[in-house]
Amino acid sequence: MTKLAIIGGTGLTQLSDLTIIKRDKLTTPYGAPSADFITGALNGKDVIFLARHGNPHTIAPHKINYRANIWGLKHLGVEQIIAVAAVGGITEAMAPAHIAIPDQIIDYTHSRLHTFFEDENYPVTHIDFSYPYNQKLRSALITAAAKANITISPIGTYGCTQGPRLESAAEINRMEKDGCDVVGMTGMPEAALAKELDMAYAAVSVVANWAAGKTEGEITMAEIEQHLHVGMVNIALLLKTYIAST
Ligand code: HPA
């Protein structure tokens with residue numbers, strides 16, 4: 001069976017239905033990962049879970065050691081990663097609590113350690129990133145959503161910003177013109193690093209709020225948490241349905 005990992009973001013620091021089998025505290029050539037890697041059983045199948053922002057949730061998006069996280073998963077034999085992350089909704093369908101399985105990325109981050117291919121351990125390699133996400137895994141997740149009766153957007157462009165602040169309304173306008181449907185802070189370099197290590201990676205985005213300037217008033221953490229709470233119920237169902245199909 002393909003070894004699966006789930007990386008949980010804001011609103012998903014633990015998988016409540018996971019029966020924990022073991023915890024691996026790894027040190028990696030790239031430093032410390034965000035948290036222990038938790039191996040457990042979900043619906044009778046082995047899954048490794050990693051809390052992207054640590055547990056408790058304390059690591060800001062730009063401070064996440066993406067290389068240590070992805071290297072650690074590879075080291076544990078993971079072949080497939082489902083990356084769950086909260087996003088802001090930009091285009092019309094991306095209302096709070098909605099789920100999207102993006103098919104494209106635009107990277108607006110800077111100063112993040114974003115590649116393995118820069119030291120003597122690896123020859124210089126330019127991976128193909130035309131289609132950042134693994135199509136087979138995306139299709140399986142889209143099928144699982146249909147089976148579980150969860151309405152999702154099966155495509156979308158994920159714009160990754162630096163954070164931790166939210167965007168200005170003008171930045172969101174520019175991102176919309178660029179073609180972004182959702183905005184998050186953690187999709188990159190995570191997706192590229194997984195591809196560098198030849199792992200099948202797909203993202204599941206949960207809309208926490210309308211992006212800046214898309215509604216009146218301020219975006220509050222309370223609003224984000226409330227919508228994530230609703231969205232995560234569907235995420236849990238989607239993950240279980242996907243796992244049952246493997
Ligand atoms: N912008 C960036 N990242 C986010 C947002 C947002 O509005 N909401 C949740 N993560």
Side-chain angles (χ1 to χ4, degrees), residues 2-43 45-87 109 111-116 133 137 141 158 160-164 184-206 208 221 224-225 228-229 231-233 235-236 238-240 242-243:
T2 310
K3 203 160 182 182
L4 170 71
I6 294 166
I7 302 180
T10 304
L12 191 69
T13 39
Q14 54 195 34
L15 279 181
S16 53
D17 294 330
L18 191 73
T19 311
I20 298 175
I21 297 167
K22 66 172 176 132
R23 289 171 188 271
D24 286 294
K25 191 183 279 302
L26 292 187
T27 44
T28 82
Y30 302 96
S34 294
D36 292 352
F37 295 87
I38 297 175
T39 299
L42 194 63
N43 268 17
K45 307 246 170 85
D46 280 2
V47 178
I48 295 182
F49 180 79
L50 178 67
R52 184 187 285 113
H53 295 276
N55 189 9
H57 184 295
T58 50
I59 310 171
H62 66 294
K63 291 278 200 178
I64 291 168
N65 191 338
Y66 295 96
R67 296 197 299 182
N69 289 352
I70 296 297
W71 188 94
L73 292 173
K74 182 79 179 178
H75 182 74
L76 293 172
V78 168
E79 297 160 271
Q80 220 177 51
I81 301 172
I82 299 175
V84 180
V87 294
T109 66
S111 334
R112 297 185 181 188
L113 295 170
H114 63 284
T115 181
F116 292 109
Y133 301 109
L137 184 53
L141 287 166
Y158 175 111
C160 192
T161 55
Q162 178 71 359
M185 299 175 189
T186 57
M188 285 295 284
E190 197 174 85
L193 291 167
K195 204 147 201 257
E196 282 190 348
L197 296 192
D198 203 22
M199 299 158 92
Y201 178 100
V204 178
S205 302
V206 198
M221 282 307 290
I224 288 180
E225 277 159 24
L228 282 181
H229 197 68
M232 285 304 163
V233 174
I235 290 288
L238 174 61
L239 292 174
K240 273 196 203 166
Y242 170 70
I243 285 167

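Here, residue 1 is the first one in the sequence, and each next residue gets the next number. Quantities reported herein were computed from a predicted structural model and do not represent experimental measurements.
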Among L42, I81, L239, I243, side chain to side chain contact (heavy atoms under 4.5 Å, CB included) partner for L4
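So the option named by the test is I243.
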Is it true that D46 and K3 make a salt bridge, defined as a side-chain N closer than 4.0 Å to a carboxylate O?
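No, no charged N to carboxylate O under 4.0 Å.
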Salt-bridge contact E190-R52 (side-chain N to carboxylate O under 4.0 Å):
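Here E190 pairs with R52 in a salt bridge, since their nearest N and O are under 4.0 Å apart.
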For side chain to side chain contact (heavy atoms under 4.5 Å, CB included), just list the numbers for T109 and H62, CA-CA rounded to whole Å, side-chain angles, deciding distance to a tenth of an Å, and then say yes or no.
CA-CA 8 Å; T109 66; H62 66 294; over 6 Å; no
[X] versus [Y], closest heavy-atom pair with distance:
X    : Y    : result
V78  : A5   : CG1-CB, 3.6 Å
I82  : L141 : CD1-CD2, 3.8 Å
T28  : A68  : OG1-CB, 3.5 Å
P61  : Y66  : O-OH, 2.8 Å
L197 : K74  : O-NZ, 2.7 Å
T13  : N55  : O-ND2, 3.9 Å

Does a side-chain heavy-atom distance below 4.5 Å link [X] with [Y]?
X   : Y    : value
H53 : T186 : yes
L73 : M199 : yes
D24 : L76  : yes
I38 : L18  : yes

Given the rule in the side chain to side chain contact (heavy atoms under 4.5 Å, CB included) test, do I6 and L50 qualify, once you have shown the distances and angles that lead to the verdict?
CA-CA 6 Å; I6 294 166; L50 178 67; over 6 Å; no
When you check the side-chain N and O atoms of H57 and T10, is any donor under 3.5 Å from an acceptor?
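Side-chain D/A pair, H57 to T10: present.
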Y201 and Q80: side chain donor to acceptor below 3.5 Å:
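Their side chains do not contain a donor-acceptor pair, so the 3.5 Å distance test is not met.
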Just by modelled atom types, is the [Y] backbone N or O under 3.5 Å from a matching donor or acceptor in the [X] side chain?
X    : Y    : result
R112 : M188 : yes
N65  : S34  : no
Y158 : G187 : yes

Could you state the interatomic distance from [atom1] ([X]) to [atom2] ([Y]), rounded to the nearest 0.5 Å?
X    : Y    : atom1 : atom2 : value
F49  : I20  : CZ    : CD1   : 9.5 Å
I21  : T39  : CD1   : OG1   : 7.0 Å
H229 : I224 : NE2   : CD1   : 15.5 Å

K63, NZ: over 12 other non-hydrogen atoms inside 6.0 angstrom:
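Incorrect, the count does not exceed 12.
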One pair to check against ring-ring contact (aromatic ring centres under 6.0 Å, His included): Y30 and F116. What are the steps and the verdict?
CA-CA 9 Å; Y30 302 96; F116 292 109; 5.1 Å; yes
